Amino acid sequence: MDNLLARIAEENINLIELNPQQSLTVWCFVAEHFAQSDTEKAYALLMCSEFEVQSNQIKNSILHLQRALLLLSLPQDFELMLKIYSALSYRYTDIGEYQKAFEHLYSLSKLAVEYGDNEFYIQSILGLGNLCSIYGDHLKALRYYQKLDALSSSIKSNNLSLRYRLYTVACLLDLNRLSKAKEILAECQLIQSVSDDWQLIAQVKLYSAKLLRLKKSPQSALNQLVTFRREQSNIHNYPWLNKLFSIETAYCLIQLQRGELADVIISHQLKITQKYSQGYYIRQLLDVKSDALASCNNFSEALHCEKEAHTLTVNIIRNFPINELGSQSLRRLTRLELQLRLNISESENIKLKKVSDQQKDTVAKLQQDVFHDSLTKLFNRRWFETTFIKEIKPFLKKYQLLVIDIDDFKSINDEYSHLTGDVVLKIVGQILKESIDPSHYIARYGGEEFIIIIDSNNDENGKEIAEFCRVAIADYNWKNTLNDRMLTISIGLTKSIKNEDYKATFLRADKALYQAKRSGKNKVCIY
């Protein structure tokens, strides 16, 4: 679709700057008058459907997706077809047509297996597990999610990795398995730092608040929800997410004996949700409304809500494909998973046959990897002791060396986990890289230690760069990574001497670093 997007840009249309309604108008025009092929038209219809969801136009969204599907054919359009099957499964779930949702999830899983797409296959399993949760069988939902444990290590997308864990957390919270939910939620909070999906980040906040409420801390949960809503006003553009936040807010208010306010919030959500759904979502809201009314001693209205919810439950059960989600479905998935692995293996074999035409590039890439740290993507110690010393240093008349160490890094690993420590190292590496001129060199020397090589003999220049790096780390907002803890670095700085062995230069910088540590840390010392 790059060609289509490029042509749209040539018309001076900046899609990023448009609001949802403007975006919908543009994509409808593209679908009807601007697209040059059936594939481009189908893609434009898919985009229309995405923005229609934000306006609660779910049925229009489904119609556009169905039109898009008719325009596509295999094998050339399989990637776009996967996206449309996935979107249709969500839309039918939204409006309570669970049989159709199941059918599209089944089609999604088969197509993903046929073309060896691991990630869309995982999405189909998550959708099937979610249907089990809607039915109320959270244990069966967990069985679906547990089938993904063997595939989780192959998930390349941070967003999908986060979504997989969030589905599991939601299930565990409904089963009141709070310790396990807390453990997985902690992983989610780390992964969200590298996620670019705002809706997933919002869900992490939502489930964190729900966990607090279930642990009998409703006021803390409510404060977290209110703060997030205040900071992220665009939550209203995502109806299903707005609904979940409203439900959780209402439950917190009920526990705090503020049932009347909870009823107001849920009644408002009912009016919105009834415009596009008559299924599980309405039943959810009626259950909360009943609890809110009962907490205000309005038992007659609460009973009326319960009766409405019961009627919806009966309808859901009557039309729900629960038998198709049983043991036979799980066995079918086991067979599909074996086929998926086989197809992925065959696809990889085909790619291996093409390696002979790409050997030079591959070797060059491997050589690059040898000299780069896999975590921070900076140069590594091997690069410093080979490439720099043998190939770069001889052409530098003089240089200055900064040896940098993260203060008290071991305690971060001990208190927060090594996964958090890795996140810290990546952030520190990025800040240091952005703090220096491209003509200088930076490397991760080992552990929590970095080095910077300045191609300059100017003492003031070296000291200025060192101070800039120190302040940049100390002033960085570490709250999302380390809560209320601050992070600092200590720096040893020295200047090379003509014809001096690099080890002697490094030793002086290391002594300066030791002096910075002894004199209180978060300092720059010069030797």
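Predicted model, so just to flag it, every value in this text is computed and none were measured.
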Practice item. Indicate whether any N or O donor in one side chain lies under 3.5 Å from an N or O acceptor in the other, for Arg229 and Ser246. Key: yes

Practice item. Classify the side-chain pair Glu308/His304 by whether it contains a donor and acceptor separated by less than 3.5 Å. Key: yes

Review point. Could you walk me through whether Trp27 and Tyr43 pass the ring-ring contact (aromatic ring centres under 6.0 Å, His included) check?
Key: CA-CA 9 Å; Trp27 282 111; Tyr43 178 79; 5.7 Å; yes

Check your understanding: Are any non-hydrogen side-chain atoms of His104 and Arg91 less than 4.5 angstrom apart?
Key -> no

Practice item. Tell me, yes or no, whether the heavy-atom count around Gln22 atom CD, taken from other residues, nucleotides or ligands under 6.0 Å, exceeds 12. Key: yes

Exercise for review: Compare all side-chain heavy atoms of Asp38 with those of Leu72 and state whether any distance is below 4.5 angstrom.
Suggested key: no

Exercise for review: Mind running side-chain contact (heavy atoms from CB on, under 4.5 Å) on Ile412 and Arg485 for me, showing each step along the way?
Suggested key: CA-CA 9 Å; Ile412 293 173; Arg485 176 171 176 154; 3.6 Å; yes

Point to revise | Ring-ring centroid check Trp198 Tyr238, cutoff 6.0 Å | key: yes

Review point. Where do Thr311 and Val314 land on the side-chain contact (heavy atoms from CB on, under 4.5 Å) test, with the steps shown first?
Key: CA-CA 5 Å; Thr311 300; Val314 170; 5.8 Å; no

Check your understanding: Just checking, is any N or O donor in the side chain of Lys205 or Gln232 under 3.5 Å from an acceptor N or O on the other one?
Key -> no

Point to revise | Residue pair Ala101 / Ser89: nearest heavy atoms and the distance that separates them | key: CB-O, 3.7 Å

Check your understanding: Counting only N and O atoms by type, is there a donor-acceptor contact under 3.5 Å from the side chain of Arg213 to the main-chain atoms of Lys216?
Key -> no

Practice item. Determine, step by step, whether Leu69 and Tyr85 satisfy the side-chain contact (heavy atoms from CB on, under 4.5 Å) criterion, reporting the C-alpha distance in whole Å, the side-chain angles of both residues, the deciding distance to 0.1 Å, and the verdict. Key: CA-CA 8 Å; Leu69 206 54; Tyr85 276 127; 3.8 Å; yes

Point to revise | Residues Lys100, Glu103: salt bridge by 4.0 Å N-O rule | key: no

Exercise for review: Classify the side-chain pair Asp149/Tyr164 by whether it contains a donor and acceptor separated by less than 3.5 Å.
Suggested key: yes

Exercise for review: Start with the C-alpha distance between Asn480 and Ser193, add both sets of side-chain angles, then the distance that settles side-chain contact (heavy atoms from CB on, under 4.5 Å), and finish with yes or no.
Suggested key: CA-CA 8 Å; Asn480 290 336; Ser193 65; over 6 Å; no

Review point. With a 4.5 Å heavy-atom cut-off, do Ile191 and Leu200 have their side chains touching?
Key: no

Revision key, fill the gap. Note: Phe245 and Ala202 closest approach over all heavy atoms is CZ-O, 3.4 Å

Check your understanding: So, does Glu119 use its side chain to make a donor-acceptor pair with the main chain of Ser157 at under 3.5 Å?
Key -> yes

Point to revise | Short side-chain to backbone donor-acceptor contact, Asp263 and Gly259, under 3.5 Å | key: no

Review point. Are the ring centres of Tyr144 and Tyr167 closer than 6.0 Å?
Key: no

**Study point:** Nearest non-hydrogen partners of Asp287 and Ala309, listed with the distance
**Key:** OD1-CB, 3.5 Å

Exercise for review: State, yes or no, whether a side-chain contact exists between Tyr121 and Ile125 at a heavy-atom distance under 4.5 Å.
Suggested key: yes

Point to revise | Under the side chain to side chain donor-acceptor pair (under 3.5 Å) test, residues paired with Lys147 that sit two or more places apart | key: Thr334

Check your understanding: Judged by atom type as modelled, is there a donor-acceptor pair below 3.5 Å linking the side chain of Glu52 to the main-chain atoms of Ser61?
Key -> yes

Check your understanding: What's the shortest heavy-atom distance between Pro321 and Gln99, and which atoms?
Key -> CB-OE1, 3.2 Å

Point to revise | Sub-4.5 Å side-chain heavy-atom contact between Leu211 and Val169 | key: no

Revision key, fill the gap. One should read off an interatomic distance between His310 NE2 and Asn315 CG, to the nearest 0.5 angstrom, of 9.5 Å

Review point. Please walk me through it: do Asp174 and Lys210 pass salt bridge (charged side-chain N to carboxylate O under 4.0 Å, His left out)?
Key: CA-CA 10 Å; Asp174 286 330; Lys210 185 171 182 176; 3.2 Å; yes

Exercise for review: Apply ring-ring contact (aromatic ring centres under 6.0 Å, His included) to Tyr98 and Tyr135, showing your working.
Suggested key: CA-CA 10 Å; Tyr98 304 113; Tyr135 187 78; 9.6 Å; no

Practice item. Please say whether more than 12 non-hydrogen atoms of neighbouring residues, nucleotides or ligands are located less than 6.0 Å from CD in Glu79. Key: no

Point to revise | Modelled atom types, side-chain donor and acceptor of Gln284 and Tyr280, under 3.5 Å | key: yes

